[in-house]
Amino acid sequence: MDGKHIVIVGAGPAGLAASSVLPRLGYRVTMIDRSNTLGGHLSKWYQLFPDRAAATVLLEQLTDEVPDSVSTMLGREVTGGSVSSGAVELTLDHGEHLSANGLIMATGFDLFDARRKEEYGYGIYDNVFTQAEIEEMFRQGQIETRHHRKPRSIAFLHCVGSRDLKAGVAYCSKVCCVTGVKQAIELRELLPDAAIYNFYMDLRMFGRGFEELYQQAQERYNIRFVRGRISEAAESSDGSVIIKAEDTLTSRPLKLTVDMLVLLTGMQPAAGSLELAAKLGLVLGDDSFLKPYGLTQQTFKTSYPHVVLAGSCTGPTTLTEAILSGRSAAMALHESLFKLTN
Amino acid sequence: MKSFGFQKIVDRQIDLDKADLSLVQALARELTGWQRCIGCGSCSATCTAAGMGSFNPRKVQMLVRMGQWDQVAQEAVHCQLCGKCRLVCPRDVDTRQLMLEFKKLQTISRP
Amino acid sequence: MIAEGKRHIWKDYQKEIADNNYYYARSCVRQNFFPASEQTFLRVMKHELGKEVFDDPLHTTCTGIAYHADVVNLPTIMTVVARQFALMTRQGLSNFVPSCITSFGIYTEILETWEHFPETLEQTRDFLYKATKREFKIPDNLAHSSDVIFKFKEQIAARAMFKLVNHISGKPLRGVEHIGCHYAKMFPHKGVGGAEYPYVLAGMIEAWGGEVIDYPERRHCCGFGFRQYVVQANRGYSLAHSQKKFESMEPYSPDFIVTNCPGCPFFLDRWQYVISETEGKTYGPDGHGIPVLTFEELTGLVLGYDPWELGLQAHQVAVEPLLDKMGITYDLSRKFVGRDGNKLGTPDKPTHLKVYGYGR
Ligand SMILES: Cc1cc2nc3c(=O)[nH]c(=O)nc-3n(C[C@H](O)[C@H](O)[C@H](O)COP(=O)(O)OP(=O)(O)OC[C@H]3O[C@@H](n4cnc5c(N)ncnc54)[C@H](O)[C@@H]3O)c2cc1C
Ligand code: SF4
Ligand code: SF4
Ligand code: SF4
């Protein structure tokens with residue numbers, strides 16, 4: 001729209017999707033990301049659920065769709081700013097200023113800091129990992145314990161830093177159940193003889209193809225599902241991890257020694273987003289994610305007509321949702337800027 | 001009594017139609033938070049007293065909800081009040097307090 | 001094990017510990033089990049560190065054991081606790097230091113209850129006044145006696161006569177620490193280092209040259225479990241808990257176990273004897289057990305106090321192997337001679353467990 005300037009904060013899947021839409025509608029677009037690469041979390045994953053599509057392929061598709069006219073500023077963080085009627089002023093980390101007519105917040109999420117669940121010993125015991133580290137191992141094509149051995153047994157623990165009032169997190173992070181099942185299957189392919197367990201409270205297989213993946217994990221991949229949350233972990237003298245849980249289905253406490261414990265950590269609002277939201281006058285929900293106007297309708301809108309929200313900065317999302325919301329938020333912004341000027 | 005060489009089997013079905021839920025209501029007046037339990041088993045996994053016998057703090061809570069107080073009475077006495085359950089509960093249920101309350105309620109409400 | 005990870009957590013659990021003028025509340029049972037531990041605490045505080053500690057003959061049990069065994073109810077124990085505070089107040093003191101972990105747990109919980117339910121505090125004031133005409137102030141600082149030793153561990157290290165180091169090989173001695181269920185499980189922020197990686201005893205071991213063993217059943221209960229022990233028929237549970245710990249720590253070959261609570265060392269010590277008698281199993285090298293010490297006894301050894309003055313002859317598991325490793329000399333002929341010079345008598349000789357100074 002005749003050269004109006006829109007800034008997108010965050011070049012993850014949601015930001016990328018939004019940036020592919022707006023230039024074609026005539027906007028001048030600047031996309032800023034504090035990391036040095038495009039793609040946000042997507043750039044860290046290996047294969048995607050539910051169909052195990054390569055993350056690199058999706059990332060390439062998303063970046064290919066971004067027109068050359070979009071100016072991308074990588075390695076730069078938006079640290080503050082203000083919103084007034086019809087205008088947005090942003091401050092970057094080196095003190096630089098940017099003015100825009102519209103803003104898309106696509107700041108995404110951070111993974112829960114697993115060290116906070118002290119009872120699992122992440123950062124203390126050698127062989128306690130997060131699922132993000134497992135993705136990295138898949139990318140490197142090498143699964144091994146901290147002592148460079150091939151693991152003979154692995155346990156996943158669901159809901160670490162999600163659904164946990166002690167950690168101050170009431171919500172479900174939505175993608176970790178299916179990620180745990182997906183990773184268990186991938187591990188099985190690399191480690192045909194290993195014992196692989198998933199310890200869960202509920203398995204939330206809500207998306208298309210998710211429940212089927214779970215069923216395959218049981219039938220074809222011999223993944224053992226235990227309905228009980230791990231209450232504590234300890235390290236044994238050989239560096240393996242001893243876990244305790246209750247098998248709630250037989251009502252018996254259970255002890256198990258595994259070579260690797262993988263924590264399926266939850267999603268949290270991106271670091272600094274609380275402060276940034278406060279400076280911009282954006283509202284947060286009880287869960288500290290940015291709060292849109294509605295939870296069913298108008299899920300991109302804020303109280304400002306020229307500021308919209310996209311992707312997982314509003315709460316846990318799948319890629320599908322992040323991409324869809326990026327595009328929709330761009331359209332919503334276009335509609336309201338159009339209304340404002342006509 | 002005549003013996004036929006077998007005994008009638010006891011029906012173990014929980015009959016929710018007949019279960020005594022009055023104590024559950026009394027409990028709700030005394031304490032909050034226990035309704036949040038999602039039966040994850042963290043408390044029973046970590047409990048000091050569980051594992052050596054039949055005691056299982058998660059199950060005790062479930063029995064309460066089902067109005068099975070007779071079993072609750074036999075079980076709750078095994079709690080050692082150490083508080084480990086409270087440390088690990090993701091739903092912030094004070095199971096230790098519940099075990100204390102169960103016994104109090106039973107002595108107060110039941111002659 | 002990544003040591004840095006633990007330090008990261010310890011930073012979050014720093015607790016305030018008063019640095020002088022304490023009111024000391026002894027344990028009801030401890031002087032029977034480990035006769036010199038509390039006296040050693042007073043000796044260290046007064047004579048080594050030059051602190052003021054008031055040791056009050058008027059205070060009573062906190063009734064914690066009776067409370068946990070369902071004999072005493074909450075309003076009663078609150079009133080008893082209020083009376084202890086009244087005795088402290090009467091001395092013009094405000095730093096309360098209990099010797100017992102169960103008491104410490106009880107005091108912490110009651111203070112917490114009073115804070116959240118002021119009406120129970122008022123009721124307790126009322127009960128106490130009606131019963132005894134006493135009034136009390138809430139302590140400014142509540143710290144377990146091990147917290148206080150922890151606070152001064154570096155000063156103690158500076159005065160140490162012996163280190164937790166094998167005096168021949170120069171290698172650190174390896175210790176298991178056991179803090180006791182009621183120290184931090186209910187209120188992690190009231191314990192040094194929190195509940196998952198408690199640092200109170202670990203910090204002493206490190207400061208005095210030893211190495212801390214982190215073994216899988218570290219968090220497990222010693223086996224006291226009040227209801228499990230108090231009823232004789234239930235003692236099998238208690239034994240099973242302790243054994244779970246011994247089996248788990250055995251592969252690490254600990255040189256000693258140090259404990260926080262009056263109950264734990266009793267069970268960890270005595271059950272080693274019971275297991276040796278019933279199963280022929282011992283957990284140290286060639287028929288020895290793993291010596292179990294209270295933290296005061298350990299402090300006393302480090303400061304060079306005479307082992308028999310520390311009451312180490314009252315232990316069922318022989319502590320001599322530890323003394324030998326530390327390079328502490330001792331006179332076995334004086335082991336069973338009381339402080340008044342009279343013979344104390346000697347215990348029966350165990351079937352399997354190695355002992356010194358008798359029955360050889
Ligand atoms: C382990 C794991 C596996 C997953 N696997 C899948 C999968 O297989 N399939 C699927 O559908 N979904 C998957 N997801 C979900 C998926 O990762 C998210 O839905 C998606 O990344 C959300 O995209 P986003 O753009 O909203 O946020 P992000 O990917 O988090 O991107 C946000 C970007 O904003 C930047 N940013 C934040 N704040 C600022 C600031 N102040 N200034 C500048 N830049 C900033 C960040 O650097 C980041 O690059 C997975 C999630 C996890 C945790
Ligand atoms: S998606 Fe599954 S693992 Fe993740 S928080 Fe929800 S229930 Fe827990
Ligand atoms: S830990 Fe909490 S939520 Fe889990 S079963 Fe026990 S009381 Fe219920
Ligand atoms: S307080 Fe009772 S129920 Fe809770 S862990 Fe301790 S013994 Fe088990």
Side-chain angles (χ1 to χ4, degrees), chain A residues 112 114 116-121 155-173 176-177 197-204 225-234 241-258 261 263-266, chain B residues 12-14 31-66 68 70-76 78-99 102:
Chain A
F112 175 82
R116 284 180 51 207
K117 292 305 293 174
E118 293 166 17
E119 56 267 47
Y120 304 135
F156 287 91
L157 172 61
H158 291 237
C159 303
V160 177
S162 305
R163 311 178 64 200
D164 184 347
L165 300 178
K166 291 280 170 54
V169 180
Y171 56 85
C172 160
S173 290
C176 15
C177 269
Y197 304 86
N198 283 58
F199 286 82
Y200 68 97
M201 301 196 280
D202 297 286
L203 280 179
R204 300 197 160 162
F225 289 88
V226 184
R227 203 273 168 197
R229 180 172 171 274
I230 296 172
S231 68
E232 60 186 59
V241 185
I242 301 174
I243 55 187
K244 288 187 182 180
E246 186 200 359
D247 176 22
T248 58
L249 303 181
T250 56
S251 289
R252 301 260 302 270
L254 165 161
K255 182 199 100 176
L256 174 71
T257 309
V258 289
L261 170 63
L263 308 178
L264 294 166
T265 52
Chain B
R12 287 187 67 247
Q13 181 184 48
I14 291 176
L31 272 186
T32 55
W34 57 273
Q35 299 92 335
R36 286 194 299 260
C37 169
I38 44 174
C40 73
S42 300
C43 51
S44 28
T46 219
C47 170
T48 303
M52 297 293 180
S54 65
F55 178 62
N56 178 323
R58 176 192 54 80
K59 202 165 156 191
V60 172
Q61 298 194 49
M62 296 300 164
L63 290 167
V64 168
R65 293 182 191 201
M66 295 295 126
Q68 307 298 302
D70 291 341
Q71 247 181 297
V72 172
Q74 297 160 21
E75 293 288 332
H78 295 292
C79 167
Q80 295 172 19
L81 304 175
C82 71
K84 274 183 92 177
C85 46
R86 189 175 159 186
L87 196 67
V88 295
C89 175
R91 284 289 173 114
D92 204 9
V93 175
D94 191 346
T95 306
R96 175 178 177 274
Q97 184 69 33
L98 265 174
M99 297 297 156
F102 291 156

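This structure is a prediction, so every number in the text was calculated from the model and none was measured. So you know, we letter chains A, B, ... as the sequences are listed, proteins then strands, and number each from 1.
Interatomic distance, CG of A:Asp202 versus CD1 of B:Ile38, reported as 6.0 Å (0.5 Å rounding). Rounding to the nearest 0.5 Å gives a distance of 12.0 Å between NZ of A:Lys166 and CZ of B:Arg91. In this structure, B:Leu87 CG and A:Glu119 CD are separated by 6.5 Å, a value rounded to the nearest 0.5 Å. Taken from SG in B:Cys89 to CG in A:Leu165, the straight-line distance is 8.0 Å, to the nearest 0.5 Å. Rounding to the nearest 0.5 Å gives a distance of 5.5 Å between CZ of A:Arg229 and SG of B:Cys40. Atom-to-atom distance recorded for B:Thr46:OG1 and A:Lys244:NZ is 6.5 Å, nearest 0.5 angstrom.
Per-residue heavy-atom pair counts under 4.5 Å with chain B were compared for A:Asp164, A:Val169, A:Leu254, and the maximum is reached by A:Asp164. Ranking A:Met201, A:Arg163, A:Arg227, A:Lys255 against chain B, the residue ahead of the rest is A:Arg227, based on heavy-atom pairs under 4.5 Å.
Counting heavy atoms from C-beta outward, A:Glu232 and B:Lys84 have side chains that approach closer than 4.5 Å.
Residues B:Ala45 and A:Ser231 approach most closely at CB-OG, 3.5 Å, considering heavy atoms.
A side-chain donor from one of A:Ser251 and B:Arg58 sits under 3.5 Å from a side-chain acceptor of the other.
Of the atoms belonging to B:Asn56, it is side-chain heavy atoms, and not backbone ones, that fall under 4.5 Å from chain A. Neither the backbone nor the side chain of B:Cys43 comes within contact range of chain A; no heavy atoms are under 4.5 Å apart.
Atom CZ of B:Arg65 sits in a crowded spot, with more than 12 heavy atoms from other residues, nucleotides or ligands closer than 6.0 Å.
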